[in-house]
Number of protein chains: 2
Amino acid sequence: MPDINAADRKSTASDVAKLAGVSKWTVSRAFTPKASISQHSREKVLKAADELGYKPNLLARGLSKNKSNIIGIVVDNFENPHKLMLLNEVTTQLQNKAKIAMVLNISNANSSTRVLTQADQFQVDALIFLGSFITEELIELAITIKHIPFVVVGRSTDITNLNVISTDDISAGQEIAKLLMTQGFSRFGFMSGPESQSTWLARFEGYKSYLAKSNINVEAVLKAGKYDRQRGFAVMDSYLIDHGDDHVEAIFCENDILAIGALDAIKKHGKKIAVVGFDNIELANATSFALTSYRQPLNLMVAQALKVIEDPNASSSQQLPGKLVLRNSHKNSQ
Amino acid sequence: MPDINAADRKSTASDVAKLAGVSKWTVSRAFTPKASISQHSREKVLKAADELGYKPNLLARGLSKNKSNIIGIVVDNFENPHKLMLLNEVTTQLQNKAKIAMVLNISNANSSTRVLTQADQFQVDALIFLGSFITEELIELAITIKHIPFVVVGRSTDITNLNVISTDDISAGQEIAKLLMTQGFSRFGFMSGPESQSTWLARFEGYKSYLAKSNINVEAVLKAGKYDRQRGFAVMDSYLIDHGDDHVEAIFCENDILAIGALDAIKKHGKKIAVVGFDNIELANATSFALTSYRQPLNLMVAQALKVIEDPNASSSQQLPGKLVLRNSHKNSQ
DNA sequence: TTGAAAGCGCTAACAT
DNA sequence: ATGTTAGCGCTTTCAA
């Protein structure tokens, strides 16, 4: 059958070759940055390509080069606005490198085994775990799909042989402890999110160790169990119910949405407790909260993560410095 | 060279064929739901595949079937937590259909032309615009990449020949007007986000028309210009500064993050103005806001969108009913 | 039901 | 610098 639909079909390298009067391999060369091809030929080809609206089929290229330029972005929680900041950063940086982000949702009902297998079948070049609640099981799974390099962004863990790019959580915790001590508080608390044996609460370590230098204990550790505003509220609410007027003066929450929940609970009880969060989500800036928080260096973290998955040799974990963002919630008089 | 690295390489249909003692075409059939193949052969193949950890290469399949099963999800704004709800829904539903989401970030500095072209090169089967601020230019672009069907989710527009799946914004606006009138208010306002000639503020239409039935005008339309909490705050702040005690009693904000900003401004001025938002983001439930909002039927919207891109004939726009979520912010006495 | 040939659109490697 | 052969891993089509 003659090619009646040629106009509707995407044109291929062969079409361009025909129009430019060269072979299709020359067309391929014209689209390969440092291929040996004459200036003349390249121009002819590019002109013809432009006329036909030709753009190389990246799936075909991927098949032949055995490199898809597709990166799997693994997300296990869609409740925290912070994820959106990360997604924004990672998609932007990938796009700028002519790569593309495939979002893999392993939250809730989605079977992570199934989804990661799917990603593997789509030939993702690498997997990036976005600040996920990494479990042993997940790591196991990622390793099973063993051809794929992967890196964890924004989550401390003590699993060895794992590439992790995160904020320097120890220092962050210390800085926050220092800030609160400077305010003159003497009774401190901490609110934690999900817990697993494989993840290490470096933020808490830094916080605790700094206070310890002044012989101060963290007297209350409120376990929210997940990164969830409602849980943050609930756990602070019951703490205040249980403790009456005998409560901590300042609390460091593992992240902003927990902190926001906590602030609401504190407000409900009409108490004054200083609160510091983590992530510096946009909402921290709302006057209702004026939440003092800690900004992670997302751009650097993502850039480093991309470097790691590109060059498996350079593989190494890193802790990057973030920055305290002062508002009002950490002060002793708000 | 003998295949020394066979163990490290992903195994292919040929590997499986060899082990199962059949041809590679039979292997392909074993993985094709209704192919004609004997039960016996299929079992042999599946067993061999399992042994080798073989899974079909979906990129290769895509190339040969001219269908990638990759869907481009176009996102132009990463500030609104509502996007995360949408992303969660769309990735989950796609994954359940053995398809995968490629997130295309056209916010800020990302050139939408470049990104959509990139998506085209990756052979996305379709494009889904997520509640985006659709411009004429964007539509133009999407049409230029003409082989690709696309659909807009969650954004009313009056551009014709465009598949749009959205909440029934007219009814929603009416419901909200009714709710506020029931509270006994008589002076009403509206806060809008970004404006373009191509998008139609159906929510506002419904709101306005319902009030008009009682001969009531919307006396103040605050234009935030973008979906941004800070802008919501700022525009309400200056409204209150300008109007002193002579202000509306109730305001409907185009979405929740605007509403949250507005609430903070109202609080700052120590005023009482009823506020209703839209989207029902998780934060609406925070006690600081107790924001009455409107929940869009995201699951239905996304399901419908997927149906539309799968079957171009069924293409048609739809308005799906959502649901008012009552909290405290709409009441005349909070 | 099964095997074989041809082709999806591209690139690596070799030949000229 | 350019054309050719072969091949990436799969499916479609045609024979047997």
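Just so you know, these numbers use all the heavy atoms, side chains as well, and skip hydrogens, waters and symmetry mates. In the text below, chain A, chain B and the rest are named by the order of the sequence lines, each starting its count at 1.
Boundaries of the chain B contact region on DNA chain C are C:dT1 to C:dG9, first to last in 5' to 3' order (nucleotide atom under 4.0 Å from a heavy atom). The span of DNA chain D lying next to chain B, judged by atoms under 4.0 Å from heavy atoms, is bounded 5' to 3' by D:dG9 to D:dT13.
Residues meeting the salt bridge (charged side-chain N to carboxylate O under 4.0 Å, His left out) test with A:E43, sequence neighbours left out: none. In this view, B:D76 satisfies the side-chain hydrogen bond (donor to acceptor under 3.5 Å, both in side chains) rule with no residue, not counting sequence neighbours. Looking at residues two or more places apart in sequence or on another chain, you find no salt bridge (charged side-chain N to carboxylate O under 4.0 Å, His left out) involving B:K307. Checked against side-chain hydrogen bond (donor to acceptor under 3.5 Å, both in side chains), A:S112 has no partners two or more places apart in sequence or in another chain.
For residues 99-121 of chain B, the set of pairs meeting the ring pair (Phe, Tyr, Trp, His ring centres under 6.0 Å) definition, not counting sequence neighbours, is empty. Applying the ring pair (Phe, Tyr, Trp, His ring centres under 6.0 Å) test to residues at least two apart or on different chains, none of the pairs has a partner in residues 104-128 of chain B.
The bend of the helix from C:dT1-D:dA16 to C:dT16-D:dA1, defined by the angle between the axes of its first five and last five pairs, stands at 40° to the nearest 10°.
Shown for residues 29-42 of chain B: residues whose heavy atoms fall under 4.0 angstrom of DNA chain D, namely B:R29.
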Please report, to 0.1 Å, the donor-acceptor pairs under 3.5 Å made by any side chain of residues 24-37 of chain A, with sequence neighbours excluded.
unit_1 : atom_1 : unit_2 : atom_2 : d
A:T26  : OG1    : A:S23  : OG     : 3.3
A:T32  : OG1    : A:S28  : O      : 2.8

What side-chain donor-acceptor pairs closer than 3.5 Å can you find for residues 44-60 of chain B, not counting sequence neighbours?
unit_1 : atom_1 : unit_2 : atom_2 : d
B:N57  : OD1    : B:L59  : N      : 2.8
B:N57  : OD1    : B:A60  : N      : 3.0

